[in-house]
There are 2 protein chains.
Amino acid sequence: MNQEIVPHYQRVKRMIADRIAGGTWHPGDRISSEAELVKELGVSRMTINRALRELTIEGVLTRVQGVGTFVASVKPQAALFEVRNIAEEIAERGHQHRAAVISLKAVPAPDEIAETFGLKTGARVFHSILLHRENDLPVQIEDRYVDPRHAADYLEQDFTRQTPYVYLTAIAPISEAEHIIEAVLPSTTERKLLKIDAHEPCLQLTRRTWSSGKPVSHVRLIYPGSRYRLSGRIAPKG
Amino acid sequence: MNQEIVPHYQRVKRMIADRIAGGTWHPGDRISSEAELVKELGVSRMTINRALRELTIEGVLTRVQGVGTFVASVKPQAALFEVRNIAEEIAERGHQHRAAVISLKAVPAPDEIAETFGLKTGARVFHSILLHRENDLPVQIEDRYVDPRHAADYLEQDFTRQTPYVYLTAIAPISEAEHIIEAVLPSTTERKLLKIDAHEPCLQLTRRTWSSGKPVSHVRLIYPGSRYRLSGRIAPKG
DNA sequence: TCCCGGTGGCTGTCTATACAGGTATATATA
DNA sequence: TATATATACCTGTATAGACAGCCACCGGGA
């Protein structure tokens, strides 16, 4: 008998969750107060408090000081997608990753980029285009703008050895990121690089990153629709 | 002077985070033990413990019982996308939402659906196709399969009044969800419903949901690429 | 040299107690 | 009646003390 020992606060969390799932308490209802749960369950108030605090963080409960603890309303559908360093992801599949540098130079900033970086349109920014291959099959175009003030030696890097993502996170750890996912038709140039048919839809992920509150990079990742998809799974914990 | 009062555990968290950001402690380093922090900061061990525990949940630290507390390695890029009930989303923009029921009937389960629901191929399942419009402009096709065992009266619902999402979450709260995002070309039928040009790429979000561990619904949402995009933002908290 | 058990240091949990601060209700006052 | 005040109850935070469980390391014995 491998008796599982479970901490008290976990058992309290489970009990609360079960009562909600079982219909004893409905969304919006006030549940028993900490003091009542102490008497009912025979554990200290600190233990009850920890259980209720964690359930609140997990979105199961809502607490109002001076009033009580309530069952939270149905939470919105949230999907968690992990967008990872492509080199790592490919390596994990046991495949070979290679990156080709298509372009690497300083350019005048387009409007959108200038605005992101807080520069004037036409100011000098770094721009790189890379083609990532998995076992020699093109899987991603990386079209990146970088603020020169945060990565002065960007143009001197060998991105066939270390991806820009790895280089940038090393010199400016990401503190904030914004992602946009769209379905697009790639340009003719991009289509040729990816070696895909005309009219093949692609996933485009645009990511802007900040380090210590300052914008660092604006990257557009293009994936052939036939070779790539994003997936994620969520499951509330007990 | 509106002096902000900050709880001790918050100040401890901030201090730890600052030392990591400031380079005092690097990823992989062992940080001071709870006992050392008690002596250094003059607060109780429970307070230190709460701060470290929360930083661990947030992914900033890693703790190993019997060994110590370590600065976590660089966390993977994670993008949080909120995929919401489209009716709500449209209402929030102050626009008019209308749903048209294109199809609503029982059908033999295709292979993939049967497998998800744990049925034999060809078993009777419910199938609905809805077209969602925002100010009379088509914005989403909802192609949904539902396990009849969890929603016996699915076919009797009026989905122009209440979306299937709302109906299903009411009778079977979602406990788990899986999402897949792809770029696709819609079928001719779908293209006509959405009133888009040939070759216009679309975002396709496939979602499978479970309630109490049992599969409930398999839905394919198709968005015209020119009218829709998914966005999300993450920022580590202090 | 290799294996084994002891030991100190670390995190994980739990308790009893205390006080602060918020909210709603009842009570007293103008 | 309307307004201020007291109070009961609730959550939020903090503390000292205790014990359990885990792990790395060291020293002794085969």
Side-chain angles (χ1 to χ4, degrees), chain A residues 1-17 19-20 25 27-73 237-238, chain B residues 1-17 19-20 24-73 237-238:
Chain A
M1 303 275 241
N2 195 349
Q3 167 121 7
E4 191 78 35
I5 69 150
V6 177
H8 289 180
Y9 79 93
Q10 290 278 16
R11 308 197 329 132
V12 173
K13 286 177 70 174
R14 172 71 65 122
M15 187 230 86
I16 305 279
R19 282 200 195 170
I20 293 173
W25 291 321
D29 283 3
R30 217 196 96 183
I31 73 169
S32 309
S33 72
E34 295 190 353
E36 289 166 344
L37 290 170
V38 165
K39 269 191 280 186
E40 183 188 338
L41 305 177
V43 299
S44 80
R45 201 193 131 209
M46 282 302 290
T47 301
I48 298 287
N49 182 271
R50 175 169 177 184
L52 298 185
R53 180 155 34 86
E54 293 193 0
L55 284 172
T56 302
I57 292 171
E58 291 165 22
V60 176
L61 299 175
T62 304
R63 313 197 76 191
V64 181
Q65 191 174 11
V67 183
T69 303
F70 304 83
V71 178
S73 312
K237 293 182 293 186
Chain B
M1 302 281 236
N2 194 346
Q3 165 123 8
E4 190 76 37
I5 68 150
V6 177
H8 289 180
Y9 80 93
Q10 289 278 14
R11 308 194 333 129
V12 173
K13 285 176 70 175
R14 173 72 64 119
M15 188 229 86
I16 306 279
R19 283 200 192 168
I20 293 172
T24 305
W25 290 321
H26 297 95
D29 282 3
R30 213 196 98 182
I31 74 170
S32 309
S33 72
E34 294 190 355
E36 288 165 345
L37 289 169
V38 165
K39 270 191 278 185
E40 182 187 338
L41 304 177
V43 298
S44 79
R45 201 192 133 210
M46 279 302 288
T47 300
I48 298 288
N49 183 270
R50 176 168 175 184
L52 298 184
R53 181 155 34 87
E54 293 192 1
L55 285 172
T56 302
I57 291 171
E58 292 165 22
V60 176
L61 299 174
T62 304
R63 313 197 77 190
V64 181
Q65 190 174 16
V67 182
T69 303
F70 304 83
V71 179
S73 312
K237 293 182 292 185

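Nothing here was measured: the structure is a model prediction, and the numbers come from that model. Note on naming: letters A, B, ... go to the chains in the order of the sequence lines (proteins, then strands), and numbering restarts at 1 for each one.
- Distance CZ (A:Arg45) to P (D:dC10): 11 Å, rounded to an integer number of Å.
- Atom NZ of A:Lys39 is separated from atom P of C:dT15 by 17 Å (rounded to the nearest Å).
- Tested against A:Glu34 for a salt bridge (charged side-chain N to carboxylate O under 4.0 Å, His left out), the candidates A:Arg50, A:Arg53, A:Arg45 yield a single pass: A:Arg45.
- Checking side-chain atoms of B:Asp29 against main-chain N and O of B:His26 turns up a donor-acceptor pair under 3.5 Å.
- Between the B:Glu36 side chain and the B:Ser33 main chain, a donor and an acceptor come within less than 3.5 Å of each other.
- One finds no side-chain N or O of A:Arg53 lying less than 4.0 angstrom from the OP1 or OP2 phosphate oxygen of D:dG12.
- Picking from C:dT13, D:dT13, C:dA16 the nucleotide with the shortest atom distance to the side chain of A:Asn49 gives D:dT13.
- One can place CZ of A:Arg50 at 18 Å from P of D:dT11, the figure rounded to the nearest angstrom.
- Judged by distance alone, with hydrogens and angles left aside, the side-chain atoms of A:Thr56 form a donor-acceptor pair with the main-chain N or O of A:Leu52 at under 3.5 Å.
- Along DNA chain D, the nucleotide closest to B:Val64 and the one closest to A:Arg63 are compared, and the more 5′ of them pairs with A:Arg63.
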Audit row: B:Arg19, B:Glu40, salt bridge (charged side-chain N to carboxylate O under 4.0 Å, His left out) steps and yes/no = CA-CA 14 Å; B:Arg19 283 200 192 168; B:Glu40 182 187 338; 2.3 Å; yes
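- When the C1' atom of D:dC19 is taken as reference, atom CD1 of A:Ile5 falls 12 Å away, rounded to whole Å.
- Of the two residues near DNA chain C, B:Gly68 and A:Pro7, the one whose nearest nucleotide lies more 5' is B:Gly68.
- Along DNA chain C, the nucleotide nearest to B:Glu34 and the one nearest to B:Met46 differ in position, and the one closer to the 5' end is contacted by B:Glu34.
- The side chain of B:Thr47 lies closest to D:dA14 when the candidates are D:dA14, D:dT13, C:dC14.
- OP1 or OP2 of D:dC10 has not a single side-chain nitrogen or oxygen of A:Thr69 nearer than 4.0 Å.
- Taking every side-chain heavy atom of B:Gln65 into account, C:dG12 is the closest of C:dC14, C:dG12, D:dT15.
- Spacing between atom CG of A:Leu37 and atom P of C:dT15 amounts to 13 Å, rounded to whole angstrom units.
- The distance from atom CD1 of A:Ile48 to atom P of C:dA16 is 12 Å, rounded to the nearest whole Å.
- Side-chain proximity of A:Tyr9 to C:dC10, C:dC14, D:dC10: nearest is C:dC14.
- One interatomic measurement links the two molecules: NE2 of B:His8 to P of C:dC19, which rounds to 16 Å at whole-angstrom precision.
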